[in-house]
Every structure is written in C-alpha cells, then in structure tokens.
Amino acid sequence: MQPSYNSNYTATNAPVPEGTIIVERGVSAQEFAPKLNRTAADVIRFLLQNGEMVTATMTLTDEQMELFALEVGAEVLLVEPGQQEELELQAMFDDSDDDDESLQAPRAPVITVMGHVDHGKTTLLDRIRHANVVAGEAGGITQHIGAYMVERDGGNVTFIDTPGHAAFTKMRARGAQVTDIVVLVVAADDGVMPQTVEAINHAKAADVPIVVAVNKIDKDNADPGRVLSQLAEYELVPEAWGGDTIVVEMSAQQNVGVDELLEQLLAVAEVEELTANPTGRAKGIVLEANLDTGRGPVATVLVDKGTLKVGDPIVAGGSWGRVRALIDDKGNQVKEAGPSMPVQVLGLQSVPNAGDEFRAADNEKTAKTVGEAREQRQRLKAQRGDARVQKGVKLEDIFSQIQAGEVATLNIVLKADVQGSLEAVTEALRRLERDEVKLAFVHRAVGGITENDISLAATTNATLIGFNVRPDRKARDLAEAEHVEVRTYEIIYKLLEDIERAMVGMLAPEFEEVVTGEAEVREIFRVPRIGAIAGCIVRSGQITRGSKVRFLRDGTIIWKGAIQSLKRFKDDAREVREGFECGVGLSDFQDLKPGDLIETFEEREVARV
C-alpha cells in the first residue's frame, strides 16, 4: 500500500546509489542523508513538509527513513547497529575459495583425546610431549582444555586434551567440533564408562574417525577383551574382529604402545588428506580464555583457516582488539599462526567465551563495532534471562523449605578462574535441579571474588560459589558483615556433593578451611642455592612457619603448599603478626611477583547447619 504523505518536495538533484543501501537503525538525518547522496537539509525539509519535526542530530524512525528513500527512489535495507559490519566480516570469509585447490596446502591433523575421568588421557599426552602436565592438575583431574602442537616424523600434530569428568560434557563436545581424529582412551581395568559413551557420541556427531587406545594394560585386573566387547556394542568393531575401528593396546604409564598409537594416527591423517587455505585473514575457535594479571585477557585459540598475525584486528564473540602478542604452547612468542596451530592471543579488551568463533577483521573499527554490537545483544539477552531470579534461600536453609512443601529457589553468584570452568560448573549445577529446587544464576563471571560480587549476593540473597578463585580480604570482611554465604572449591565433584547434600538435608560436620593470615608480596629476593624469597608485609592475622598456604594472583589460586622458611630481617621467626614485614620462602614455588598475596589457612571441624 502506497504511504500517504505530501509529495510537493524537491530534493537535491543527484542520482541515488544503485542497488540496496544498508542503513543502520537509529541514525540521524546527517548520518542517513549522505548514504543516499542527499544532505541532512533535504531529509529535514521533506519530513517537515510531511508534518514530521526533526533536527539534523535527532534519531530517525524506520518509517521516516523508508518514506524518504521511497521519495528519492532509493532501495534501503535497515539493519541493527553493528549488523552491517557483521555482514561485511562474514563476506570476507566466503567459503568459495575452499573449492580452489590451488589455494589449499597440507595442514597438521587436529587430534582430540577423549575418555572417562582418570583413564589416562593426560598421562598419554604427557608421554607424547615429554612434559609433566598431570602433576599440575587439582586432584589429578584435567579441568581445562589444553592444546599442544608436537613434531612427529618431520610433521606437526596438534593434540587437544579434554576433561573426562561428566561436568565437562560441553567442553568435550567443543573439542570434537574442532577435531579431525578422536582418540578414545579406555582403561583396560575399568572398561566403558558413562563419559566414554558420551565421548563416542560427540565424536560420531562430529563425523570424525575414532581410534581407540585401550590403556592400562599393565594393571593386574586388565581385561582388554572385555573392553573390545563393550565397544562393539557402540558400533566400534575392532579391525581384528572384522570391523574398521583401529584399536591400540597400550600403557601410557609404562610407555608401552605409545609409538604404535602415533603411527596409526598419522596413517589415518594421511588417508584424510587434510588441507586448508593458509592465505588471507584467519578464523578459528576460542578453546579457552581467562583474565591474567599483567597480561589482561588471554584467549587460547585454534586457527581453522588463514594465518593469524601479530597486529591483526580480531573479534571473538563479544570481545575485540588487536593482536598484541601470540604465544605458542611452549611459551615462545611467535609472529604468526597458521591452520591447526594453537596459540594464546593477547590484546583483546575483554575475556571471550570458550567456544566463540574468532575472525580477523579488515580494520580495528570493524572489529570494535561488531564486538560491541554482539556484547550489547548478549547483555540484553542476559537481562531478559535475569527475570528468572526470584527471592532465593540460603543453601543451608534449602532443605527446610523443601520439607515445608514449598518450591525453593537457590540464587547463585558463580565465579571461576577460566571460561571453560565457568561453563562446566554452570551445566553441572543445572543438572541438579529438581521440581522442588530451582537454580537461578544471578551473575556468572571469570576472575577473583570481589566486593561487588558480595554486594550483589547480599542484595539477591544469593550463595556465592567460587571455583579455583578466592575472595580478597575486603571481600571476606564484607561477606561476614552482610552474612553472605561464600563457598570455594577446587574439585568440581566436591562442589556438586555439597549442593546435593544440602538438598537432602545432609550437610554433615566436616573440615573447613579458615584463613589465619594474609601477606602481600612487596619485593623478590634471589638467594643462591635457596631460590626466590618473598619480601612481604602482613596485612591481616599472622603468618606462621609451616602453615598451609595458598598463593593468589588477582584472586585466582595459582599454587598451594607450605611455608618452608619465615624470617624477620635476618633472624628465623616462628610467626609474624599483622603490620610487620617478613621474608617468606615457599616449599617448591618460585614464580613470585610483587602484588601477589600469600594466604595461610588451617582446617577446623565445623558443623554446617
């Protein structure tokens, strides 16, 4: 239907651009007019003659822009802010060049190691990399995605280690989505377990080859035959049984069969004929991301196509920036990263989400516009989701409300050390919901527990859960004053056990960590044959020689151990109280930096009621 308006309008006599003109919603006359080869005065005069009073800087409505475009014979497409740059960014990665064989080059296979918790995935990678990774994991359980590139027979192979615990289903799924081959590790003494089945399903959904590694054959109760029978039930029939699944029996601990596994993987990769276009701008996926003191947001990415270079503007989800540095898995700075190469990226202005796609943009303005537009959409979506948050109950009171026949809502403020952990803990907690117990996440974020987190938890009557992070002293004091329940964990199954026990009224007395002292590192002294000594000022409580200690950097736990030596000036001291300086030597930790916090604690038996 033709709109009704006054057509006694004479515009500037200039041709309008041909084709569809993309215009962002919410622009003013002075921003809109040049796109149609007109002036702001042309738009204002036209709208004035049709009863619309606007100025050059006022936001135009969709109808006003469409009417003017119709008057001058222009075809416009109105888009949301940032959508134009988004479309331009997508167009830069037209997949048509993937069909051009002249642009393709061989690339390293990306191999994901999957399986049930404690079946030996990380130990296997440990053998391959000749580095001790397992020792650094809390409880010996991998809780982040690690990506490593190793050289084998003159070529490179990229390995992705995914956690095996049930809570990390999404992280394993993400690993399968970016992989070429899956290594399914199954312990010969344990057999196929629930997470083994999940890993099989992820690999099948990603339509990638599966190579089975039957691990721990050195165990007394190992039964590889039983494992093969179980795998056959999931359509993974070994070649020895007439199927097409490659199976390697091995012991990562004893370094038996590891070379054979690698040979089989390289053979499968050769059959797959893996290639990618290394030219042009890079795109790929964010495997992991965290906030690092001193370096800022750090994202571990895997390049899918193109080459990522230092200085490239990039956008990853709602985050954007310019690549300030690229660091490979060995800690070396590199100038560029091609297909299948995992690198840490520095230079983003915020922490992206694990699983976000990243793309190198044409310029920083485009990256910023797209990133900010995405962030705004994510924020609006999160705000709409906050409608679910109701007046909650404390974790310790939840069982009594259930007994009263009422539906209990547990409000949660969740903080974690990295995005992958944040996502995994969220998904695990959601699975604990029942008809009589609902969970509402008031806030979820990466980083240490701050006073703002405590205030938010107090306002919403939420329980604050920290995973691999701790509150600083001010946050602890505020939590005590506001009666905010703060629970911190380093092992995910302990977190889940607590929540489940609370739901059935079984929060039994147990040992709780109580902070006894806090010291701030001021200077670092290097002593021959001893190592690094931290020159500290005791901020609260007292520091005692032999105490258990946590080492915190920006609220994140980076080491736990014991105080080996404690000195006042040059004299040994048994304890140093608040306000005094001291020298602290830690048992086996040398990565000391000024500004770090040393937090001593002891375990006391407390009744949680």
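Residue numbers start at 1 and run along the sequence shown.
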(request) Decide yes or no on side chain to side chain contact (heavy atoms under 4.5 Å, CB included) for V150 and N156, but give the supporting numbers first. (result) CA-CA 6 Å; V150 298; N156 289 323; over 6 Å; no

(message) A side-chain contact here means heavy atoms from C-beta on lying under 4.5 Å apart; do L77 and V23 qualify?
(response) no

(message) Once side-chain hydrogen bond (donor to acceptor under 3.5 Å, both in side chains) is applied, do any residues pair with E75, and if so which ones, sequence neighbours excluded?
(response) T20

(request) Find out whether V110 and F159 are in side-chain contact, i.e. whether some heavy atom of one side chain is under 4.5 Å from a heavy atom of the other. (result) no

(message) Are Y489 and F467 an aromatic pair, judged by ring center distance below 6.0 Å?
(response) no

(request) State, with a plain yes or no, whether a side-chain heavy atom of W320 is found less than 4.5 Å away from one of I314. (result) no

(request) Just jot down the side-chain hydrogen bond (donor to acceptor under 3.5 Å, both in side chains) partners of D596, sequence neighbours excluded, or say none. (result) R553

(message) Would the distance check show the side chain of N37 and the main-chain N or O of P15 forming a donor-acceptor pair, the cut-off being under 3.5 Å?
(response) yes

(request) Examine distances only and state if a side-chain atom of T488 and a backbone atom of G466 form a donor-acceptor pair shorter than 3.5 Å. (result) no

(request) Quick one: pull up CG in D554 and NZ in K593 and give me the separation to the nearest 0.5 Å. (result) 11.5 Å

(request) Search all heavy atoms of L422 against all heavy atoms of A445 and return the closest pair with its distance. (result) CD1-O, 3.6 Å

(message) Between the side chains of E518 and R476, is the shortest nitrogen-to-carboxylate-oxygen separation below 4.0 Å, so that they form an ion pair?
(response) yes

(request) Rounded to the nearest 0.5 Å, what's the gap from NZ on K415 to CG on L464? Could you check? (result) 7.5 Å

(request) Verify whether one side chain among E423 and T426 offers a donor that lies under 3.5 Å from an acceptor in the other. (result) no

(message) Could you report the tightest heavy-atom contact between V469 and G448, atom names first, then the distance?
(response) CB-CA, 4.1 Å

(message) When you measure from the side chain of S455 to the backbone of E451, do you find a donor-acceptor pair of N or O atoms at a distance under 3.5 Å?
(response) yes

(request) Measure the CG-OH distance between D329 and Y148 for me, rounded to the nearest 0.5 Å. (result) 8.5 Å

(request) Using a 4.5 Å cut-off on heavy atoms from C-beta on, say whether the side chain of T463 contacts that of N411. (result) no

(request) Calculate, to the nearest 0.5 Å, the distance between atoms CG and CZ belonging to L308 and R281 respectively. (result) 10.5 Å

(message) Name the residue from T158, I181, I160 that meets the side-chain contact (heavy atoms from CB on, under 4.5 Å) definition with T112.
(response) I160

(message) Measuring only between side-chain heavy atoms, which start at C-beta, is F441 closer than 4.5 Å to R430?
(response) yes

(request) Check ring-ring contact (aromatic ring centres under 6.0 Å, His included) between F32 and all other residues, then give those that pass, not counting sequence neighbours. (result) none

(request) May I ask you to test the D417-V446 pair for a side-chain heavy-atom distance under 4.5 Å? (result) no

(request) Output the distance between atom OG1 (T279) and atom CD (Q104), rounded to the nearest 0.5 Å. (result) 8.5 Å

(message) To the nearest 0.5 Å, what is the distance between CG on L265 and CG on D180?
(response) 11.5 Å

(request) Search all heavy atoms of V16 against all heavy atoms of L36 and return the closest pair with its distance. (result) CG1-O, 3.6 Å

(message) Take a 6.0 Å sphere around NZ of K309 and say whether it holds more than 12 heavy atoms from other residues, nucleotides or ligands.
(response) no

(request) Decide side chain to side chain contact (heavy atoms under 4.5 Å, CB included) for L552 and I558; before the verdict, give the C-alpha distance in whole Å, the side-chain angles of both, and the deciding distance to 0.1 Å. (result) CA-CA 6 Å; L552 305 175; I558 59 174; over 6 Å; no

(message) Whether E599 and R550 form a salt bridge (side-chain N of Lys/Arg under 4.0 Å from carboxylate O of Asp/Glu) is what I want to check.
(response) yes

(request) Please lay out, stage by stage, how D356 and I285 fare under the test side chain to side chain contact (heavy atoms under 4.5 Å, CB included). (result) CA-CA 6 Å; D356 279 346; I285 192 167; over 6 Å; no

(request) Only counting residues at least two apart or in another chain, list the ones meeting side-chain hydrogen bond (donor to acceptor under 3.5 Å, both in side chains) with D328. (result) none

(request) I would like to know whether V484 and V413 meet side chain to side chain contact (heavy atoms under 4.5 Å, CB included); could you show each step before the answer? (result) CA-CA 11 Å; V484 170; V413 173; over 6 Å; no

(message) Can you tell whether the side chains of R359 and E357 come within less than 4.0 Å, N to carboxylate O?
(response) yes

(message) Do the side chains of D312 and R322 get close enough for a salt bridge, i.e. N-O under 4.0 angstrom?
(response) no

(message) Please give me the minimum heavy-atom distance between F358 and V286, naming the atom from each residue.
(response) CB-CG2, 4.5 Å

(request) Could you check if a side-chain atom of M114 sits within less than 4.5 angstrom of a side-chain atom of V183, using non-hydrogen atoms only? (result) no

(message) When you compare the side chains of Q349 and S319, does any donor N or O come within less than 3.5 Å of an acceptor on the partner?
(response) yes

Which donor-acceptor pairs under 3.5 Å do the side chains of residues 330-344 make with protein atoms, sequence neighbours left out?
residue, atom, partner, partner atom, Å
K330, NZ, M149, O, 3.1
S340, OG, R107, NH1, 3.1
S340, OG, A108, O, 2.7

(request) Taking all non-hydrogen atoms of both residues into account, name the closest pair between I44 and V54 and its distance. (result) CG2-O, 3.7 Å

(message) Please check: side-chain N/O of N363 versus main-chain N/O of T366, any donor-acceptor pairing under 3.5 Å?
(response) yes

(message) Could you tell me if Q419 and E288 have a donor-acceptor pair between their side chains, going purely by distance under 3.5 Å?
(response) no

(request) Applying side-chain hydrogen bond (donor to acceptor under 3.5 Å, both in side chains), name anything that partners T307, two or more places apart in sequence or on another chain. (result) none

(request) Indicate the atoms forming the closest heavy-atom contact of A56 with A40, along with that distance. (result) CB-CB, 4.4 Å

(request) Would you mind telling me which of L78, L60, T59, T61 makes a side-chain contact (heavy atoms from CB on, under 4.5 Å) with R25? (result) L78

